[in-house]
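Working notes, beginning with the structure itself.
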Amino acid sequence: MINLVTNQKSAFTDEMYSICTVQDSLDYLYSLESIALDTETEGFDPHTDAIISLQLGNNDIQYVIDISTVDIQLYKELIETRLILMQNAKFDLKFLFKHNIIPKDIYDTFLAERVLSTGIDNIRKSLGALVFKYCNVSLDKSIVNVIGTEGLSTRVIQYAADDVKYLHQIQKEQLIKLKELGLQKTISLDNKYVFVLAYIEYCGMYLNSTKWKAKCLEDKQNMQNIKNQLDKYILDNPTDYKEFIDNQYNMFEEGFSTKINWNSEKQVIPLMEKLGVNVEIKDKKTGIIKKSIDQKILRPQINIHSLVSLYIKYKGYQKEVSTYGENWFEYINSKTKRIHTNYTQIMNTGRLSSGQKGNKKKGISQKPNMQNVPSEDRTRNCFTAMPKNKLIVCDYSGQEQIVLANKSLDKDLLKFYKKGLGDMHSFVASKIFPELAELPLDEIKKNHKEKRQIAKGAGFAINYGGTGITIAENLSISLEKGEEVYKAYFKAFPGLANYFKKEKEKAVKLGYVQFNEISYRKSFIPFFEEFKTLHNELYGTDNFWDIYKLEKSKHSDYFKTELSPKVRKYFKKKGDIERTSLNYPIQGTSADITKLAGIYVFKYLKENNLLFKVLMPNVVHDELHLECSEDIASEMAVVLKDCMEKAGEKFCKTIALKADPCITDYWTH
DNA sequence: ATCTGTAGCGCC
DNA sequence: AAAGGGCGCTACAGAT
């Protein structure tokens, strides 16, 4: 049953709905423990677009409230004292924030579906998909496109009511599944965190246009300068490089010009080959040898020719100009003068991502990725606090390493952290290389840089599932040496080896990776059924391996076209699962910690009436930002540090996770 | 002209 | 048997 609440009754006469008063709606809604909520808005920007209607209700009764004539504040207390059910709450929350309405609790059907299917990309999570899946009803979502032009027409009212009608039933079904899979704590965390993320998006981050303009100009000039040098080299050596020179007289630039588009790898590869650079590399996905000129290949060959380093420099400036250049002015909100990006709350690892593709037809503006802004000062310093404000930037020190130490409980790792001081990479080096065992870490850092570098690369690679081969490739050392380092690493940290082994076995057996026993977040292996089928073929009752050996010895076609690819596929998938089992719990637990820290901060701001006074401009995996007036900055720095460390304590019970805040005018450490 | 896939590279 | 995780944006290249 649809009820319309409006102060312009004469405009609404359809029999499909009844008209009722604000008081009527409140009388009913106050009797509910949980209320489904949705909004229809003029657009996507809470700072410039108005709410057209607010819908509240449940499966029985839906109230469509005409916000152009009814004061939304009449519903503030109701919304702030009930459990609110929403689909993709982050969107509506920002519009509620605009009206200073902060719900008490949220259950987000979209996030719940994401929690239930983390790791599996092809599960549809739109409201339409969920209504169909859980209620077996098909909604007509095409109406969404006419809301802007039609306003509250009859069909828009019907559509708007449908958006809240089914949420309770979806919730009920999801809760059963969440319980079955042990994911109640995960969704609880994310239902709380959605406030934080909505708040961060709402606040946005200030970009100083004057500074940014200066940076853009400098980058452009540098890029042009390097490009000229590249071109000049080719043109100065016309006999050597004639295939790269355009023989047509260029009437605008006087003289010949190069044919090379320096942004095209395809065009630069032949040049690099001519210079004597080895551009061949094995493709990671396909295993096929291909030609590539990325930095990983070029850097070690930088001495072959001066053009190699020039080209690397060019690519660097090109990246700055294209990705972090003048396009950023379009990201600045006309009303707030700040950059309000979009975050996706639950990726496969439980991490956030940032950014959004634009779509002019749908009126969606592009948003920047605020998590990969170059970390050099000249770029980050353009992101500032507003005048009279301060930024507080706080990150966890060694978050993932500490999480790993706490999860693996390797006794040597624990000892290192408990003593609390020294250089981690030197410590690893002292464990890998017997000749360094007795030396103080300071001395290793100072006098054994090469070995320390190997230890650093090895530790990083191994913690993400790399092996001796990866170590060898990364550090340009022999395969044997790589294997040696790999073995030495696990010999030095047997607890780590044991932990990795158990994690791998669990994932291969269960088909999902559980990150920790605090949030219980899980990521499901999308190809697990396929893997199991393969496993059964190889290790089931048939004597697969006898046949395999026989056919292999005969070099038969059957071996080459059937057996060998099958075995390769099986071990590839097994390796994929195993690496996931190592990496996701570390990344995902770290993400959980940062999320919980945000929840604590938001709670503090809410309880101390500091929302919209103390802003949260950004979050970058292990780093949280606050922005506030100077007079309370040092107080807020302590709050931020405490919240982050308190969140750390929940997940890291053996080795504490530290956070160090920095009060600053710019985004820096 | 517009779409899609890929290479490359920015961050943690 | 394979052999370093997660993400998003920009450019090019090829297809339609």
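Convention: sequence-line order gives letters A, B, ...; per-chain numbering from 1.
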Q) According to the interplanar angle, ranging from 0 to 90°, do the rings of A:Y311 and A:Y314 count as parallel (below 30°), tilted (30 to 60°) or perpendicular (above 60°)? A) parallel
**Q.** Main-chain N/O of A:L352 paired to A:T344 side chain as donor or acceptor, under 3.5 Å
**A.** no
Q: Report which part of the nucleic acid A:K569 touches: base, sugar-phosphate, or nothing (heavy-atom distance under 4.0 Å, all strands).
A: nothing
Q. Once you round it to whole Å, what is the distance between C1' of B:dA7 and NZ of A:K296?
A. 13 Å
Q) Checking all strands, does A:N327 fall into the base, sugar-phosphate, or nothing category for heavy-atom contacts under 4.0 angstrom? A) sugar-phosphate
(Q) Considering every strand and a 4.0 Å limit on heavy-atom distances, what is the contact class for A:Y570: base, sugar-phosphate, or nothing? (A) nothing
(Q) Please report the distance, rounded to the nearest Å, between NZ in A:K291 and P in C:dA13. (A) 16 Å
Q) When all nucleic acid strands are considered with a 4.0 Å heavy-atom cut-off, which category describes A:Y343: base, sugar-phosphate, or nothing? A) nothing
Q. CD of A:Q318 versus P of C:dC9: gap in Å, rounded?
A. 17 Å
Q: Tell me whether the OP1 or OP2 atom of B:dC9 has a side-chain N or O from A:Y317 closer than 4.0 Å.
A: no
Q: Indicate, with a heavy-atom threshold strictly under 4.0 Å, whether A:D576 touches base, sugar-phosphate, or nothing.
A: nothing
Q: Tell me what A:Y331 touches on the nucleic acid: a base, only sugar-phosphate, or nothing, going by heavy atoms under 4.0 Å.
A: sugar-phosphate
Q. For A:E400, which contact category applies under a 4.0 Å heavy-atom criterion: base, sugar-phosphate, or nothing?
A. nothing
(Q) Please confirm whether the ring centroid of A:Y570 lies under 6.0 Å from the ring centroid of A:Y539. (A) yes
Q: Describe the nucleic acid contact of A:T344 in one word from base, sugar-phosphate, nothing, applying a heavy-atom distance below 4.0 Å.
A: nothing
Q. Which part of the nucleic acid, if any, lies within reach of A:E320 when heavy atoms closer than 4.0 Å are counted: base, sugar-phosphate only, or nothing?
A. nothing
Q. In Å, rounded to the nearest 0.5 Å, how long is the span from CG of A:L404 to CD1 of A:I462?
A. 11.0 Å
Q. Is the phosphate of B:dC11, meaning OP1 or OP2, less than 4.0 Å from a side-chain N or O of A:S375?
A. yes
Q: For B:dG10, take OP1 and OP2 only and decide whether either is under 4.0 Å from a side-chain N or O of A:N369.
A: no
